[in-house]
Amino acid sequence: MTENVRVRFAPSPTGPLHMGGVRTALFNYLFAKKHNGTFVLRIEDTDQTRYVANAEQYIIDSLDWCQIPFDEGPGRNEKFGPYRQSERKELYKKYADELIEKGWAYYAFDTADELNTHRKNHEENGKTFIYNWHNREKLQNSLALSAEEVSAKIAAGEKFVVRFKSPKDEILVLQDEIRGEIKIDSNLLDDKVLFKSDGMPTYHLANIVDDHLMEISHVIRGEEWLPSLALHVLLYRAFGWTAPKFAHLPLILKPVGKGKLSKRDGDKLGFPVFPLEYTNETTGDVSRGYKEDGYFPEAFVNMLSLLGWNPGTEQELFSLEELIQLFDLQRVSKSGAKFSPEKTQWFNEQYLQQKSDKELAGLYQPILVNNGISADAEYVEKVVGLIKERATFVADFWDLSNFFFVNPSEYDAKASKKQWKEGTPDLMKELVKVIDNIEDFSSENTEAKVKEWITAKEVGFGKVMQPLRLSLVGALKGPHLFDIISMIGKHATIDRINNAIATL
RNA sequence: GGCCCAUUCGUCUAGUGGUUAGGACGUAAGGUUUUCAUCCUUAAAACAGGAGUUCGAUUCUCCUAUGGGCUACCA
């Protein structure tokens with residue numbers, strides 16, 4: 001298996017790629033890298049009615065952001081190209097014809113209206129209409145019609161599709177890498193359309209032809225494809241090709257309620273379902289993305305990797321390298337996983353804590369600039385070091401550290417009421433003098449000096465420390481007080497205490 | 001309706017024919033921090049139900065229930 005592993009991610013460019021799709025791409029990527037294989041991106045744009053122009057670029061941008069780039073695909077290392085099915089259009093006709101010749105497929109002329117009528121009638125009688133062995137002789141197709149009639153219809157320009165002639169009375173034993181053996185009664189299969197009347201193949205045909213031509217060794221895709229597995233295996237057999245191995249990934253479900261995760265859930269529940277922000281070109285609707293919401297790609301990918309897979313140990317934080325080493329299809333779970341926004345935040349927090357103060361400071365700078373602050377890199381780095389353990393996102397930094405850069409503009413009302421007592425202003429005035437006399441303004445020294453004074457003064461620590469914090473921060477929160485004092489310096493410290501005395 | 005897949009704490013999951021059924025998120029309670037958060041400790045919390053196989057089933061088989069997917073000239 002280590003030889004020539006080739007996998008593909010084959011999304012349909014009908015809109016932004018959602019996180020379920022990213023997870024499928026990720027598992028393909030991990031599997032490929034683990035086996036020194038190739039990760040192919042193929043664009044399945046056979047449905048011209050649902051095609052969205054900016055979707056392909058969005059997909060590529062998303063994979064890049066997640067740092068799981070494809071090795072082969074549109075515009076990249078095109079050994080088996082083209083990689084857009086619309087550009088391979090001419091190819092599929094030949095294969096459809098081959099199947100007809102071999103007796104594995106046939107022309108069908110039934111119109112959509114006719115079929116809908118059949119379905120409706122069956123439904124009214126409590127039955128299901130299936131286009132297959134039990135009725136195909138009675139419908140408008142090349143199995144029921146004479147060769148002359150068929151030729152005449154085609155010559156007359158009548159629209160037709162090509163359907164697969166699914167076999168009768170056969171128990172198909174299918175193999176899934178994750179689920180094991182699956183048995184299907186071929187009599188229940190319907191004669192799927194392989195080739196549409198618009199000249200395009202359906203997913204089924206294009207998928208099999210391309211996977212074969214692109215020498216795909218493993219098809220790793222979502223569970224929604226499991227019902228089509230029998231058809232796909234049958235198609236390989238009909239062509240006389242060796243089928244790749246198949247693995248069907250469990251679905252990602254809504255955090256609450258029923259069903260699989262959908263775009264609407266994010267809007268409703270307040271979390272992104274897309275990796276990147278996406279603007280719908282026709283409606284102008286903007287959907288939020290993990291990137292724009294402040295998630296690190298590593299955290300997002302780590303979270304995704306554990307949705308439906310785990311290495312069997314208690315480790316939860318993995319670098320991409322580790323994931324590649326550890327990934328194993330055998331350890332992918334069989335049942336759908338409910339997505340957890342809370343745990344996703346936790347992952348981001350973990351990654352944020354791991355990052356260096358320097359890197360985080362760099363990410364913080366633009367936010368500071370937005371708030372009208374220009375501070376030198378070293379100072380910002382120190383600030384980040386003091387506050388990052390309270391943060392989940394870089395975007396939290398400003399709320400947690402604005403007092404390192406600007407004087408408090410207001411004071412927490414509740415805290416003021418509780419901590420700013422009658423004697424406080426006098427005490428603070430005295431404290432100003434104490435602080436003014438401190439030469440060495442290190443955190444340790446200011447702490448020692450102030451505490452010395454408090455002790456000598458014989459007042460409770462809280463009587464001084466709480467109002468002091470209120471004066472400097474504007475609220476009863478934040479890092480060690482003397483770290484703040486040391487950072488903002490003597491002038492700002494005294495200034496802020498005086499401001500508080502004047503205001504409160 | 002039909003077909004297929006699945007089912008361990010609220011959630012993600014580990015695990016085994018005999019275990020005190022483990023971890024993580026979240027929740028709660030303590031402790032640390034004379035602030036807040038972090039951090040630490042602790043707690044509550046699960047084998048869907050019923051048969052069968054077996055000395056013994058959460059683990060194997062079957063049935064039921066529940067959940068999910070598919071059932072398009074969409075992918």
Side-chain angles (χ1 to χ4, degrees), chain A residues 10-14 44-50 85 108 110-112 115-116 119 122-123 125-131 159-163 174 176 178-179 182-185 188-190 192-204 206-207 221-230 248 250-251 253 255-256 258-260 303 306-317 331 333-347 349 353 387-392 396 400 415 419 451 454 460-466 468-470 473 475-481:
Chain A
S12 188
T14 54
E44 309 228 330
D45 53 352
T46 51
D47 184 358
Q48 296 162 323
T49 61
R50 292 205 308 156
Q85 290 184 328
D110 317 85
T111 64
L115 294 174
N116 282 334
R119 287 194 189 98
H122 276 69
E123 205 175 308
N125 297 323
K127 289 187 201 159
T128 311
F129 175 79
I130 306 178
Y131 201 129
K159 295 268 189 189
F160 65 87
V161 300
V162 176
R163 283 181 183 272
L174 312 170
D176 180 87
I178 295 166
R179 279 149 229 277
I182 297 162
K183 289 196 178 78
I184 304 283
D185 179 353
L188 268 8
L189 263 27
D190 57 350
K192 280 274 183 254
V193 171
L194 300 178
F195 203 81
K196 299 185 268 190
S197 57
D198 65 359
M200 281 291 231
T202 60
Y203 169 86
H204 304 292
N207 188 261
R221 76 229 297 195
E223 191 187 334
E224 70 267 27
W225 293 110
L226 201 48
S228 311
L229 180 58
H248 291 87
L251 263 18
L253 276 14
V256 293
K258 298 174 174 181
K260 66 173 173 180
M303 176 280 292
L306 255 17
L307 229 42
W309 171 85
N310 79 83
T313 63
E314 285 176 2
Q315 185 180 351
E316 290 199 285
L317 265 15
R331 293 203 62 92
S333 46
K334 299 180 175 76
S335 49
K338 283 192 177 181
F339 167 68
S340 166
E342 293 81 18
K343 188 118 189 194
T344 308
Q345 288 203 2
W346 176 82
F347 275 110
E349 192 188 318
Q353 302 312 325
I387 53 104
K388 74 168 177 185
E389 63 188 24
R390 297 163 160 71
T392 301
D396 298 337
L400 295 169
Q419 301 299 343
K451 284 191 168 172
I454 295 173
F461 273 73
K463 287 249 192 304
V464 175
M465 298 293 284
Q466 300 286 52
L468 178 56
R469 179 172 289 278
L470 195 56
V473 176
L476 300 180
K477 60 172 192 183
H480 189 58
L481 203 41

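In what follows, chains are A, B, ... by sequence order, proteins preceding strands, each numbered from 1.
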Rounded to the nearest 0.5 Å, what's the gap from [atom1] on [X] to [atom2] on [Y]? Could you check?
{"X": "D45(A)", "Y": "M200(A)", "atom1": "CG", "atom2": "CE", "result": "6.0 Å"}
{"X": "S333(A)", "Y": "N310(A)", "atom1": "OG", "atom2": "CG", "result": "7.5 Å"}
{"X": "E389(A)", "Y": "E349(A)", "atom1": "CD", "atom2": "CD", "result": "10.5 Å"}
{"X": "L229(A)", "Y": "E223(A)", "atom1": "CG", "atom2": "CD", "result": "12.0 Å"}
{"X": "H480(A)", "Y": "R469(A)", "atom1": "NE2", "atom2": "CZ", "result": "8.5 Å"}

If we call it a pair only when both distances are under 3.5 Å in a Watson-Crick or G-U wobble match, what pairs with [N]?
{"N": "rA65(B)", "value": "rU7(B)"}
{"N": "rC60(B)", "value": "rG52(B)"}
{"N": "rU19(B)", "value": "none"}
{"N": "rU41(B)", "value": "rA29(B)"}
{"N": "rA14(B)", "value": "none"}
{"N": "rA46(B)", "value": "none"}
{"N": "rC70(B)", "value": "rG2(B)"}

Hits for salt bridge (charged side-chain N to carboxylate O under 4.0 Å, His left out) against R50(A), two or more places apart or cross-chain, chain-then-number order -> D47(A)
Those residues that, when tested against K260(A), pass salt bridge (charged side-chain N to carboxylate O under 4.0 Å, His left out) (two or more places apart): none
Determine the contact category for [X]: base if any of its heavy atoms lies under 4.0 Å from a base atom, sugar-phosphate if only primed atoms, P, OP1 or OP2 are that close, otherwise nothing.
{"X": "I182(A)", "value": "sugar-phosphate"}
{"X": "I184(A)", "value": "sugar-phosphate"}
{"X": "T46(A)", "value": "sugar-phosphate"}
{"X": "H204(A)", "value": "nothing"}
{"X": "R221(A)", "value": "nothing"}
{"X": "V161(A)", "value": "base"}
{"X": "N116(A)", "value": "nothing"}
{"X": "G460(A)", "value": "nothing"}
{"X": "P255(A)", "value": "nothing"}

With [atom1] as the reference atom in both, quote the distance from [N] to [M] in angstrom, rounded to an integer.
{"N": "rA48(B)", "M": "rA43(B)", "atom1": "C1'", "answer": "26 Å"}
{"N": "rC12(B)", "M": "rA46(B)", "atom1": "C1'", "answer": "13 Å"}
{"N": "rU58(B)", "M": "rG26(B)", "atom1": "C1'", "answer": "25 Å"}
{"N": "rA6(B)", "M": "rU61(B)", "atom1": "P", "answer": "11 Å"}
{"N": "rG2(B)", "M": "rG10(B)", "atom1": "P", "answer": "31 Å"}
{"N": "rG1(B)", "M": "rC60(B)", "atom1": "C1'", "answer": "32 Å"}
{"N": "rG15(B)", "M": "rA29(B)", "atom1": "P", "answer": "34 Å"}
{"N": "rA14(B)", "M": "rU8(B)", "atom1": "P", "answer": "10 Å"}

Name the residue closer to the 5' end of RNA chain B, choosing between P250(A) and P479(A) according to the nucleotide with the nearest heavy atom. P250(A)
Let me spell it out: for each of L476(A) and L307(A), pick the nucleotide of RNA chain B with the closest heavy atom. Which residue's pick is nearer the 5' end? L307(A)
Could you label the plane-to-plane angle of the Y203(A) and W225(A) rings as parallel, tilted or perpendicular, counting under 30° as parallel and over 60° as perpendicular? parallel
Quick one: is [X] getting a side-chain N or O under 4.0 Å of the [N] phosphate, OP1 or OP2?
{"X": "R469(A)", "N": "rU33(B)", "answer": "no"}
{"X": "S333(A)", "N": "rU13(B)", "answer": "yes"}
{"X": "R163(A)", "N": "rC73(B)", "answer": "yes"}
{"X": "N310(A)", "N": "rU13(B)", "answer": "no"}
{"X": "K196(A)", "N": "rC74(B)", "answer": "yes"}
{"X": "K127(A)", "N": "rU71(B)", "answer": "no"}
{"X": "R331(A)", "N": "rU13(B)", "answer": "no"}

With respect to the side chain of [X], which nucleotide from [options] is positioned closest?
{"X": "L251(A)", "options": "rC74(B), rU35(B), rG69(B)", "result": "rG69(B)"}
{"X": "E224(A)", "options": "rA75(B), rC73(B), rG1(B)", "result": "rA75(B)"}
{"X": "A337(A)", "options": "rG69(B), rA75(B), rU13(B)", "result": "rU13(B)"}
{"X": "L115(A)", "options": "rC73(B), rU35(B), rA6(B)", "result": "rC73(B)"}

Spacing of [X] atom [atom1] relative to [N] atom [atom2], expressed in whole Å:
{"X": "R390(A)", "N": "rC36(B)", "atom1": "CZ", "atom2": "P", "value": "10 Å"}
{"X": "E389(A)", "N": "rA37(B)", "atom1": "CD", "atom2": "P", "value": "12 Å"}
{"X": "Q48(A)", "N": "rA75(B)", "atom1": "CD", "atom2": "P", "value": "10 Å"}
{"X": "F195(A)", "N": "rC74(B)", "atom1": "CZ", "atom2": "C1'", "value": "17 Å"}
{"X": "L226(A)", "N": "rA75(B)", "atom1": "CG", "atom2": "P", "value": "19 Å"}
{"X": "K334(A)", "N": "rC12(B)", "atom1": "NZ", "atom2": "C1'", "value": "17 Å"}
{"X": "Q345(A)", "N": "rA37(B)", "atom1": "CD", "atom2": "P", "value": "16 Å"}
{"X": "D185(A)", "N": "rC70(B)", "atom1": "CG", "atom2": "C1'", "value": "17 Å"}

K451(A): partners by side chain to side chain donor-acceptor pair (under 3.5 Å), with sequence neighbours left out: E447(A)
Count the heavy atoms of every other residue, nucleotide or ligand shown that sit under 6.0 Å from CD of Q353(A), and state whether that count exceeds 12. yes
Any chance NZ of K463(A) has more than 12 other-residue heavy atoms, nucleotides or ligands included, within less than 6.0 Å? no
What string of B, S and - do you get for nucleotides 61-67 of chain B, 5' to 3', when a contact is any protein heavy atom under 4.0 Å? ------S
Along nucleotides 20-31 of chain B, 5' to 3', which nucleotides get a B, which get an S, and which get a -, given that the test is a protein heavy-atom distance under 4.0 Å? --SSBS------
Once ring pair (Phe, Tyr, Trp, His ring centres under 6.0 Å) is applied, do any residues pair with W346(A), and if so which ones, sequence neighbours excluded? none
